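Report on one structure; see the data block that follows.
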Amino acid sequence: MNNTFNMNRFGLLLKRQWLEFGKIYLMSLVVLTGIIIAFYFFNIPDLNRSLYRWDDHGHVQLGFRLPTFMAIGFLFLTIVASAYFNAFGQKPKAIMELMTPASVTEKFICAILFSTILSLISYLLIFYIVDAVFLNYFNELWQHNKATNYNTGKLTAVSFSTLFDDLTSEREFKFFFALPFFFSSIFLLGSIYFNRFHYIKTALSVTALFSFIIFITIKFGNLMTEGKTRVYAVDYLEKDFVFKIFFWSSVALSLIIWLITYVRLKEKEV
């Protein structure tokens, strides 16, 4: 099979992958929805509370939502990515995958679409719908309640912030938007690099690597600042520059890891 991209062949590959991957994927979305709903049920705010966390728009923030959004999103995206190429770890299935009449480029693009793009869109949509339904319920319950907004010192009607409000409340948060692609790319590589226990081995490898990088960074930072006076002044331009470096590094690393995944997939085809 030549390595050119053919739209006809790619369309057939998408249909084949959906027939094989679709049922399990839809079941995982049902489970995902159930988990998110459970988190909201177990974290319904107390009507008798008088102290709330307010955002800059005069809305009450749900303290559990952002950690839940990030933790479940991380697990969902990485599990889906880690499972995508697991057939290559089983000889009979690997032979079937290798015999699929599609080029490496088509298989790789299909993997990105299913493991990253579709998963991310599905997760955001499901979380947004569940959040909107519960917010409507919470706001109806609290429509006659008022509490002191500690940002303004005034008695304010209680209304809850949306997920979008939480995601945009901190100006630095936008620099983390590349992280879903970064982690998804790592676990997609792990799914084709390891033959068995893809998720566990990838997670352990990532943990070990990040721990080593953090350790070296701390040691290097201590070495560079030893004997120097600590200055606590915050330079917002410098802070923004650091966050921009972080964002573009995440983008660059995602692309590099995807390139390595493509090369690894190509090696499997040989």
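Any value given below was found using the heavy atoms of this structure, including those in side chains, with hydrogens, waters and symmetry copies removed. Quick caveat: nothing in here was measured; it's all calculated off a predicted structure. For the single chain, residues carry numbers from 1 onward in sequence order.
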Hphob cluster co-occupancy, [X] + [Y], side-chain heavy atoms under 4.5 angstrom:
{"X": "L188", "Y": "L13", "result": "no"}
{"X": "F210", "Y": "I260", "result": "yes"}
{"X": "L135", "Y": "F41", "result": "yes"}
{"X": "Y199", "Y": "I24", "result": "no"}
{"X": "I121", "Y": "M70", "result": "yes"}

[X] versus [Y]: any side-chain heavy-atom pair under 4.5 Å?
{"X": "Y193", "Y": "T261", "answer": "no"}
{"X": "F182", "Y": "I257", "answer": "yes"}
{"X": "V31", "Y": "M27", "answer": "no"}
{"X": "I186", "Y": "L253", "answer": "no"}

**OP:** Could you walk me through whether L209 and S205 pass the side chain to side chain contact (heavy atoms under 4.5 Å, CB included) test, one step at a time?
**Re:** CA-CA 6 Å; L209 179 62; S205 301; over 6 Å; no
Original post:
Is there a side chain to side chain contact (heavy atoms under 4.5 Å, CB included) between L12 and R16 once you walk through the steps?
Top reply: CA-CA 6 Å; L12 292 172; R16 177 190 177 276; over 6 Å; no
Taking atom [atom1] of [X] and atom [atom2] of [Y], what is their separation to the nearest 0.5 Å?
{"X": "L113", "Y": "S119", "atom1": "CG", "atom2": "OG", "result": "10.5 Å"}
{"X": "I35", "Y": "T68", "atom1": "CD1", "atom2": "OG1", "result": "11.5 Å"}
{"X": "F187", "Y": "L75", "atom1": "CZ", "atom2": "CG", "result": "9.0 Å"}
{"X": "I36", "Y": "D131", "atom1": "CD1", "atom2": "CG", "result": "9.5 Å"}
{"X": "F108", "Y": "I192", "atom1": "CZ", "atom2": "CD1", "result": "9.5 Å"}
{"X": "N8", "Y": "E106", "atom1": "CG", "atom2": "CD", "result": "10.0 Å"}

Identify the heavy atoms of [X] and [Y] that sit nearest to each other, and give their distance.
{"X": "S185", "Y": "S254", "result": "OG-CA, 3.8 Å"}
{"X": "T202", "Y": "G190", "result": "OG1-CA, 3.3 Å"}
{"X": "L265", "Y": "K107", "result": "CD2-CB, 4.0 Å"}
{"X": "A203", "Y": "T207", "result": "O-OG1, 2.7 Å"}
{"X": "Y84", "Y": "A111", "result": "CE2-CB, 3.4 Å"}
{"X": "S184", "Y": "S115", "result": "OG-O, 3.5 Å"}

Original post:
Given F181, which of L77, V251, I117, L255 fulfils the side-chain contact (heavy atoms from CB on, under 4.5 Å) condition?
Top reply: I117
Original post:
Looking at F176, F127, Y128, which hits ring-ring contact (aromatic ring centres under 6.0 Å, His included) with F69?
Top reply: F127
Original post:
Side-chain donor-acceptor pair under 3.5 Å between Y262 and T105, yes or no?
Top reply: yes
**OP:** Please check if atom CG in L259 has more than 12 non-hydrogen atoms from other residues, nucleotides or ligands closer than 6.0 Å.
**Re:** yes
**OP:** For the pair W18 and F114, name the ring-plane relationship: parallel under 30°, tilted 30 to 60°, perpendicular over 60°.
**Re:** parallel
Side chain of [X], backbone of [Y]: donor and acceptor closer than 3.5 Å?
{"X": "S82", "Y": "I79", "answer": "no"}
{"X": "Y123", "Y": "G73", "answer": "yes"}
{"X": "S28", "Y": "Y25", "answer": "yes"}

**OP:** Tell me whether the centres of the aromatic rings in F247 and F177 are closer together than 6.0 Å.
**Re:** no
Subject >> Pair L32-I72, side chain to side chain contact (heavy atoms under 4.5 Å, CB included): steps then yes or no >> reply: CA-CA 8 Å; L32 172 69; I72 296 178; 3.4 Å; yes
Subject >> Partner residues of N43 under the side chain to side chain contact (heavy atoms under 4.5 Å, CB included) criterion, sequence neighbours left out >> reply: F39, F64
Original post:
In chain order, what residues pass the side chain to side chain contact (heavy atoms under 4.5 Å, CB included) check against T33, with sequence neighbours excluded?
Top reply: I37, I126, V130
Original post:
Could you walk me through whether F246 and L179 pass the side chain to side chain contact (heavy atoms under 4.5 Å, CB included) check?
Top reply: CA-CA 10 Å; F246 176 82; L179 285 183; 3.9 Å; yes
